[in-house]
Amino acid sequence: MADFREIEKKWQKVWQESRIFEADPDNRQKFFITIPYPYLNGNLHAGHTRTLTIGDAFARYMRMKGYNVLFPLGFHVTGTPIIGLAELIAKRDEKTIEVYTKYHDVPLEDLLELTTPEKIVEYFSREALQALKNIGYSIDWRRVFTTTDEEYQRFIEWQYWKLKEMGLIVKGTHPVRYCPHDQNPVEDHDLLMGEGATIVEFTVIKFKLEDEDLVFPCATLRPETIFGVTNIWVKPTKYVIAEVDGEKWFVSREAYEKLTYTEKSVKQIREVDAREYIGKYVTVPLVNRKVPILPADFVDTDNATGVVMSVPAHAPYDYAAIEDLKRDEKRLQEFGIDRSVVENLKPIVLIGTSELKGVPAEEIARELGVRSQKDVELLEKATKTLYKKEYHTGVMLENTMNYARMKVSEAKEKIHEDLIKAGLADVFYEFSEKPVVCRCGTKCVVKVVRDQWFLNYSNREWKNKVLNHLENMRIIPNYYKEEFRNKIEWLKDKACARRKGLGTRIPWDKEWLIESLSDSTIYMAYYILAKYINEGVLKAENMTNEFLDYVLLGKGNAESAANSAGLEKDVVERIRADFEYWYPVDLRSSGKDLVANHLLFYLFHHVAIFPPEKWPRAIAVNGYVSLEGKKMSKSKGPLLTMKRAVQQYGADVTRLYILHAAEYDSDADWKSREVEGLANHLRRFYSLVKDHYLKQQQRMTMLDRWLVSRMQRAIREVRDAMDKLQTRRAVNAAFFEVMNDVRWYLRRGGENLVIILDDWLKLLSPFAPHICEDLWHLKHDSFVSLESYPEFDESKINEEAEMAEEYLKRLIEDIMEVKKFVEGAKEVYIHPADEWKIEAAKVVIDSKDVGEAIKKLMQDEEMRKIGKEVTNFVKRVFKDRKKLVILNEKELIEKNSDFIESETGLKLSLDSSKVPDEKKRVAIPGKPAIYVL
RNA sequence: GCGGGGGUUGCCGAGCGGUCAAAGGCGCGGGAUUUAGGGUCCCGUCCCGUAGGGGUUCGAGGGUUCGAAUCCCUCCCCCCGCACCA
């Protein structure tokens, strides 16, 4: 039995020595394909294997189609996880040690050494390189690099200078989840609770107290309802009066605490009991109406400011609370509120929708059966439903001043902005879910970080440029184009500076490091430079801005670029020529996890920095890989490393399996049992080819022509699938379906298998390159990896042969079907359809309807004689007329009688006289009468 | 909530107006074999059927059509993203 690992190693070595995947400009058309460089806080795993194998299969395919293919790869190490990992290992964190020894397959003694980021980078890049070589990717390894390389950092600095010049990097302030204890922003995986929480922006409308300089900041998500405010709510409990940016605010204690993390200057003045203010009046800004402060229990002091405005017409909670209060004589007395005050709180309807008449909140509360403000579940539902309806279909009514007739969705934004501009409102950030708790056990808050560097992705012009270019791009699968459109719209400014991590410092503000997704946007251009860097021709000190401007953007001239760089002019020109030749990237193939981040930034930065002809041409997206139905996790396991998969199953098995496991962005599941099965298939393939490949080709039979014809169909299918990057379909057609045809062929006694083997090996070579290379060399001296991919040749399609084989398959099936019903069956008599039926069938095939067919047939005297039978035949056959097959059945059966006999185990005879008439009658062309005895 | 994808026969998964009881793989059952229970090759695998046939299926319910897994509408359910993290 063939040892695949031996074969694979052999050819990997030969490929490397022959440098067949090292790509340099020549006169062929180029194809530049890239895969996002892997992040090295662990070993490469099945997820990387999938993305990279798709890329490699496509690279190989394109190479065989005659393109000069550049397929490079580097390693990503900037950011925080590697530092975090080093700390964990240094700390001897048990869980980490377990995961890294058990799943990442790092030997314990090696692992314990990895206590600094540098050692980790060194170790895992070495491991990755080995794994990638073991699986035999056709990567041009002369261009490998790591993102902490000095030269790479120089390249990043250059990029950031460019963006800065263009005004695309701005200073800004933004809210983050923040742990007061750690004094650090927290990421999802740093959280104990509240991973799903998002930061919600409340509008805080400032209601001024009558006769006193005190602001009641009412937090709301529906600022447009300000026109319907009848009162405000506080909870009868302790609050705080604080100085906030020079104003005196009345807020809950929790709110005060939160305010201290914002960019506002805050100072507590004193604690107060809300009761002191209940019954007093405040002024509704903008509308200048005086409304009372009233008590309500539903108010959550831990949500925003702890003060809310009441809009009974549109907020079910407010409506219910007012109704409660009306009924609660005791409470009114307790707070000294005159009954009439509450009775006078009439809902003010300010939004119109087609569906909701009257007072919407009242209607909906009644519909759902809300009894009091304590019916929290019902009220939540009512609030949601109402909000949804009004937001999407509502229109502002006449009582909303100059917002009248605006759509609610628009008015909301507008009012929010206008109020803030006028100093009548502010913003308050709050979590959408609570609590949010840090791993250290501390409750997190929203902190507003100021003066950070941002990539100005919200910039309309920048967005439009990306959006426009997207329309010219090929996105695979194509429905992702819509996804990209939406994501581009949704993208906001992104903080690109960090305080900790590995990476490049912002060149004009060295306090900050460039965030690790922000330094991975246009690095594909760096592959051009990397070759020269690795050759020692180019060093960091040569890479001046002027030099990079010239080689990457064509700015300035070679002469002065060379001077600035301290390089020979011809070197500079060569690098420039390389870049001109290879750029842009023709295909970037990536996992779908990068859609909403990296791939977006990739587009934004290319569009900003390079001229249009250098913008990306195509993006392909693929799904994840799970393990026996379980999600893989780098940090928790389970995980299957690339290296282990190759060790266990072999490179080609791994590749073929992963390519066939799923299509496009659907997720693949790695089932070791199926992988074993595939390994068997491949071994069978190997020995099959080996047994036949060197045989002398013999005279072509009809069956051989059938095989060739089928091979042509496979070629067409595979090419079509690969052109769309459908690797699953391609492997299915190239491997499994051809295999099935070959099986049939051999069963039929075919002896000329060799006629398709060259094509088959070429066809399969992008998917199982080692085995194909090995087999190919049984007969050839060239590399199958560099052969041209089989072309579909219409002239080799043989419809007749295909029909004949189909006919035989069907016939044998039918005989077996009938045989089931005959005990001790020994013989089969076959009577193909009579001559007149064939004539009639020909007419039927060309007729539009039954009537026309019969009319035509009845013109023939012979047909008329058996008119009734003809009519019945036509009626019976018409519906499936496309299935009618006209061929010389008798001859075909005679020629293949041995085969039919051996397949069915019956003695075959064409002696029609033995077939009863009622059987003969059912025969139609392509489906003879069968009589089994 | 918003956006994107999806629900197909035991499982994975193709099909996306007729060629569909629906490819292929896996699993399962049976047979063959120079049969070691693991390899290979056949056959079967929704239900019924002593003649190649019939019946019922493709999340649910309506509709369009001569004809729907495939098109339209409504509903239910599942997955992914929503960020400063690679």
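Across all strands, A:D669 comes closer than 4.0 Å to no nucleic acid atom at all (heavy-atom distances).
A search for salt bridge (Lys or Arg N to Asp or Glu O under 4.0 Å) contacts involving A:E737 returns nothing, not counting sequence neighbours. Annotation: salt bridge (Lys or Arg N to Asp or Glu O under 4.0 Å) contacts of A:R921 (sequence neighbours excluded): none.
The partner of B:rU57 is absent, by the rule that a Watson-Crick or G-U pair needs both atom distances under 3.5 Å. The base-pairing partner of B:rC26, taking Watson-Crick or G-U wobble contacts with both distances under 3.5 Å, is B:rG10. Across all strands shown, B:rC82 forms a Watson-Crick or G-U wobble pair with B:rG1, both key distances being under 3.5 Å. The partner of B:rU33 is B:rG39, judged by Watson-Crick or G-U wobble contacts that both fall below 3.5 Å.
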Atom pairs under 3.5 Å: protein N/O with N/O of nucleotides 27-37 of chain B:
none

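Residue-to-nucleotide contacts include a donor-acceptor pair under 3.5 Å from the side chain of A:N597 to the base of B:rA86.
Classification of A:R729 and A:D720 as a salt-bridged pair holds, one side-chain N sitting under 4.0 Å from a carboxylate O.
Side-chain N or O atoms of A:T727 include one that pairs as donor or acceptor with a backbone N or O of A:L659 at under 3.5 Å.
With distances taken from any side-chain atom of A:H76 to the nucleotides B:rA23, B:rG52, B:rA86, the minimum falls on B:rA86.
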